[in-house]
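Here's the structure we're looking at; comments come further down.
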Amino acid sequence: MASKSTRQCWLMKSEPDVYGIDALERDGETLWDKVRNYQARNFMRDTMRVGDDVLYYHSNAEPSGVVGLARVASGPEVDPTQFEKGEYFDPLASRAEPRWFGVRVRFVERFRQPVTLAQLKADKALKGLLVIQRGQRLSVQPVEPKHFDRIAALGRGGGK
DNA sequence: GCCAACGTTGGC
DNA sequence: GCCAACGTTGGC
């Protein structure tokens with residue numbers, strides 16, 4: 001377990017057509033719900049802390065890439081969609097024992113230019129970044145602070 | 001516990 | 001639209 005003073009950074013994926021950074025900017029803050037992957041859930045439920053830095057990543061986009069920054073704005077909250085009829089209903093979840101959790105995510109800034117996946121892959125300073133690894137599908141992933149800072153610099157137009 | 005079948009993710 | 005990679009499910 002990380003100590004309280006350790007800085008934690010993350011990358012969170014969303015499809016722009018589903019909930020892109022425009023939607024987050026408009027809403028200011030949103031509950032990151034509908035995640036149905038245990039590893040991603042565990043990060044949100046067990047590891048994230050309020051104030052953690054988040055890279056906002058557009059997947060299935062043209063181009064895919066990091067489009068801005070956000071921040072973790074709450075501890076874990078029960079994902080209400082697990083109880084609602086529809087795509088995200090989970091018959092094994094109960095109010096007493098919910099299975100799915102999310103955190104609140106707050107908009108911080110939108111990059112002038114997205115930092116594309118191709119750019120991320122080409123950058124030697126980003127070696128080890130999970131999102132550029134083949135087959136990496138996790139929608140919530142940890143990011144090293146130095147990688148976060150590098151990508152933020154690229155997004156703000158510097159760093160080349 | 002193994003593993004084949006299936007569904008999903010997401011780049012291309 | 002294709003398909004590789006991965007997670008989940010379920011038969012045995």
Side-chain angles (χ1 to χ4, degrees), chain A residues 8-27 30-48 52-72 76-105 107-144 146-148 150-155 157 159-160:
Chain A
Q8 294 187 146
C9 304
W10 305 92
L11 179 145
M12 297 173 87
K13 293 183 188 172
S14 188
E15 298 188 29
D17 294 344
V18 178
Y19 194 87
I21 194 156
D22 287 343
L24 185 64
E25 183 167 19
R26 180 195 65 219
D27 296 345
T30 195
L31 176 62
W32 208 258
D33 59 5
K34 301 172 183 151
V35 171
R36 295 293 180 269
N37 171 284
Y38 290 108
Q39 217 180 332
R41 178 204 68 183
N42 292 347
F43 281 136
M44 292 196 288
R45 190 189 59 184
D46 306 334
T47 315
M48 277 185 176
D52 284 358
D53 290 316
V54 174
L55 297 169
Y56 203 95
Y57 181 92
H58 279 176
S59 59
N60 280 319
E62 294 215 12
S64 291
V66 178
V67 292
L69 305 181
R71 206 180 298 288
V72 175
E77 295 187 9
V78 172
D79 178 347
T81 65
Q82 69 195 299
F83 308 122
E84 294 163 7
K85 197 180 293 179
E87 196 183 342
Y88 297 98
F89 179 74
D90 185 343
L92 299 177
S94 68
R95 305 258 174 199
E97 284 188 72
R99 297 176 89 189
W100 304 108
F101 296 82
V103 295
R104 292 196 172 274
V105 172
F107 176 82
V108 171
E109 87 178 61
R110 184 201 173 97
F111 292 160
R112 285 189 304 134
Q113 299 269 24
V115 183
T116 67
L117 184 59
Q119 269 179 282
L120 297 174
K121 284 178 172 172
D123 193 330
K124 291 205 173 81
L126 297 177
K127 201 172 167 194
L129 183 71
L130 289 177
V131 77
I132 61 179
Q133 282 176 17
R134 194 170 134 80
Q136 180 54 262
R137 303 182 307 174
L138 199 57
S139 64
V140 175
Q141 24 179 285
V143 171
E144 292 178 40
K146 65 180 179 187
H147 290 164
F148 179 96
R150 172 71 177 159
I151 294 165
L154 290 171
K160 219 7 199 281

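Side chains are part of it too, since the values below use all heavy atoms of this structure and drop only hydrogens, waters and symmetry mates. Note on naming: letters A, B, ... go to the chains in the order of the sequence lines (proteins, then strands), and numbering restarts at 1 for each one.
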Item to complete: Identify, with sequence neighbours excluded, every residue that meets side-chain hydrogen bond (donor to acceptor under 3.5 Å, both in side chains) alongside A:D90.
Response: A:R99, A:W100
Practice prompt. Can you sort out the partners of A:D53 under salt bridge (Lys or Arg N to Asp or Glu O under 4.0 Å), two or more places apart, ordered by chain and number?
Written response: A:R7, A:R71
Item to complete: Name all residues meeting the side chain to side chain contact (heavy atoms under 4.5 Å, CB included) criterion together with A:F83; count only those two or more places apart in sequence or in a different chain, and write none if there are none.
Response: A:V78, A:A93, A:R95, A:P98
Could you write out each protein N or O paired with an N or O of nucleotides 3-5 of chain B at a distance under 3.5 Å?
none

Worksheet item: With sequence neighbours excluded, what pairs up with A:Y88 under the side chain to side chain contact (heavy atoms under 4.5 Å, CB included) test?
Response: A:K34, A:R36, A:T81
Worksheet item: Under the salt bridge (Lys or Arg N to Asp or Glu O under 4.0 Å) test, which residues partner A:R41, sequence neighbours left out?
Response: none
Fill in: Counterpart residues, side chain to side chain contact (heavy atoms under 4.5 Å, CB included), relative to A:E109 (two or more places apart)
A:L69, A:F111, A:R156
Give me the distances for all protein-to-nucleotides 6-12 of chain B N/O pairs that come in under 3.5 Å?
from	atom 1	to	atom 2	distance (Å)
B:dT8	O2	A:R137	NH1	2.6
B:dG10	OP1	A:K13	NZ	2.8
B:dG10	OP1	A:R137	O	2.6
B:dG11	OP1	A:Y57	OH	2.7
B:dG11	OP2	A:N60	N	3.1
B:dG11	OP2	A:S64	OG	2.8
B:dC12	OP1	A:K121	NZ	2.7

Worksheet item: Excluding sequence neighbours, so at least two apart, what forms salt bridge (Lys or Arg N to Asp or Glu O under 4.0 Å) with A:E84?
Response: none
